[in-house]
Novice: 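For reference, the structure I am asking about is given below.
Quantities reported herein were computed from a predicted structural model and do not represent experimental measurements. Numbers here are sequence positions counted from 1.
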Amino acid sequence: MPDAGPVAVLPRRPLTVGELLDSAILLLRQHALVLVPLAAALAAAEQLLLLPLRAAADTTPPIWWLADGRFAAYWLLLAVGAATEAMIIALLGNPAARAAGAALLGRTPRARDLLRPGAARWGATLALALVAGAVMFTAALFGPAWFVGFALLGAIVPVLVVDRAPASRALPRAAGLAVRGGARASLVRLLGYLSWWILRVGLASGAIFGLAALDLLGPAFDVPVALVVWAAVNTVAYPALACLDAVLHLETRMRTEGLDILLSRVPAGTDPALLAADR
């Protein structure tokens, strides 16, 4: 794909899976000034929240696997982790979705535009993030149900922010879009998560094991360093997944609702309100 720009970020046509993943990274790169600091704060808070649960489950860094028979505590840790991930991705989805919508319309919003609270619907976004967290916590308690919950929640914030749907309709519409076309959007979201999960585990474990092999990591620093490394890795992974949700939502609308046909009739730089689903 060409260098980052409005068209390169999200062309006005259905995309291949590889193009979707590329578009998400380009969107993140273009708006890293907003997305990365916000993700860093949320990722750091998540690590501090999970720390006592990891201690209760007697897990050890860098992967925090179950070490002995504390299975119930470990299962609770996994469920809470699934919930915090979903909430963080949802919150980051607000500026990511607004940036993706602007890029599709040939506009390049500035950092202060994405941070401006006016019309951003942050209150409803927070409410939906809590809903996403509750859904993922419950689904994770049932093991494989996590895959279903995660697959269906990708568009919940883009539906709110880009489609301008009422908060009460965001979850049903997001789930409906996720299962269209043979559940393509669901499968792409799961693929994106799996890719980033492998990358996160590899980077975090590699960094920590590397420091230990060089005798730069003493026993007293195992946990603090692991927290910092995981927060750093998630600082990139979480906004990347939020950007994937944003571009995947718009691409699904082009593929299933003819959004690209509508946009072909309007000039670049059009008001983002054009993307509202009820037009």
Side-chain angles (χ1 to χ4, degrees), residues 3-6 8-10 21-51 80-104 107-130 132-133 136 153-154 156-158 160-162 192-193 195-197 199-204 207-208 223-250 272:
D3 196 10
V9 169
L10 190 56
L21 298 175
D22 287 344
S23 291
I25 296 302
L26 289 172
L27 184 66
L28 172 58
R29 187 175 74 178
Q30 193 175 69
H31 298 286
L33 186 62
V34 172
L35 294 172
V36 170
L38 180 58
L42 294 172
E46 178 192 35
Q47 292 302 308
L48 294 177
L49 175 65
L50 294 178
L51 181 58
V80 174
T84 56
E85 280 189 339
M87 294 174 64
I88 292 172
I89 295 170
L91 291 173
L92 294 173
N94 184 300
R98 285 187 285 140
L104 186 63
R107 301 170 68 247
T108 305
R110 295 165 294 185
R112 64 172 176 266
D113 295 327
L114 295 179
L115 294 172
R116 185 178 297 125
R121 309 188 72 182
W122 274 110
T125 298
L126 178 59
L128 289 177
L130 293 173
M136 290 308 304
L153 288 175
I156 187 171
V157 172
L160 176 79
V161 174
V162 178
Y193 182 89
S195 301
W196 275 103
W197 182 83
L199 186 60
R200 283 189 288 166
V201 170
L203 289 174
I208 295 171
V223 172
V225 170
L227 295 179
V228 171
V229 170
W230 273 104
V233 172
N234 289 337
T235 293
V236 178
Y238 287 158
L241 289 171
C243 288
L244 177 60
D245 286 340
V247 299
L248 181 57
H249 170 63
L250 290 170

Novice: Could you point out which residue of Leu244, Leu92, Leu241, Leu35 forms a side chain to side chain contact (heavy atoms under 4.5 Å, CB included) with Leu28?
Specialist: Leu35
Novice: Using the side chain to side chain contact (heavy atoms under 4.5 Å, CB included) definition, which of the options Ile88, Asn234, Thr235, Ile89 pairs with Leu42?
Specialist: Ile88
Novice: Rounded to the nearest 0.5 Å, how far apart are CG of Leu104 and CG of Leu27?
Specialist: 11.0 Å
Novice: Could you report the tightest heavy-atom contact between Ala83 and Gly133, atom names first, then the distance?
Specialist: CB-O, 3.3 Å
Novice: What's the shortest heavy-atom distance between Ala246 and Ala100, and which atoms?
Specialist: CB-CB, 3.8 Å
Novice: Please report the C-alpha distance between Val36 and Val236 in whole Å, then the side-chain angles of each, then the deciding distance to 0.1 Å, and finally whether the side chain to side chain contact (heavy atoms under 4.5 Å, CB included) criterion is met.
Specialist: CA-CA 7 Å; Val36 170; Val236 178; 5.7 Å; no
Novice: Side chains of Cys243 and Ile25: closer than 4.5 Å at any heavy-atom pair?
Specialist: no
Novice: Using side-chain heavy atoms (C-beta onward) and a distance below 4.5 Å, is Trp122 in contact with Asn94?
Specialist: yes
Novice: Calculate, to the nearest 0.5 Å, the distance between atoms CG and OG1 belonging to Leu160 and Thr125 respectively.
Specialist: 5.0 Å
Novice: Do Glu46 and Trp230 come close enough that some side-chain heavy atom pair is under 4.5 Å?
Specialist: no
Novice: Of the non-hydrogen atoms in Ala24 and Ala240, which two are nearest, and what is the gap between them?
Specialist: CB-O, 4.1 Å
Novice: First locate atom NE2 of His31, then atom CZ of Arg110, and finally report the distance between them rounded to the nearest 0.5 Å.
Specialist: 12.5 Å
Novice: State, to 0.1 Å, how close Ala82 and Met136 come at their nearest heavy-atom pair, and which atoms those are.
Specialist: O-CB, 3.8 Å
Novice: Write down the atom of Ala43, the atom of Ala231, and the distance for their closest heavy-atom approach.
Specialist: CB-O, 3.6 Å
Novice: Under the criterion side chain to side chain contact (heavy atoms under 4.5 Å, CB included), I'd like the reasoning laid out for Tyr238 against Arg200: C-alpha separation, chi angles, the key distance, then a yes or no.
Specialist: CA-CA 10 Å; Tyr238 287 158; Arg200 283 189 288 166; 3.6 Å; yes
Novice: Which atom names give the shortest non-hydrogen contact between Met87 and Ala129, and what distance separates them?
Specialist: CG-O, 3.1 Å
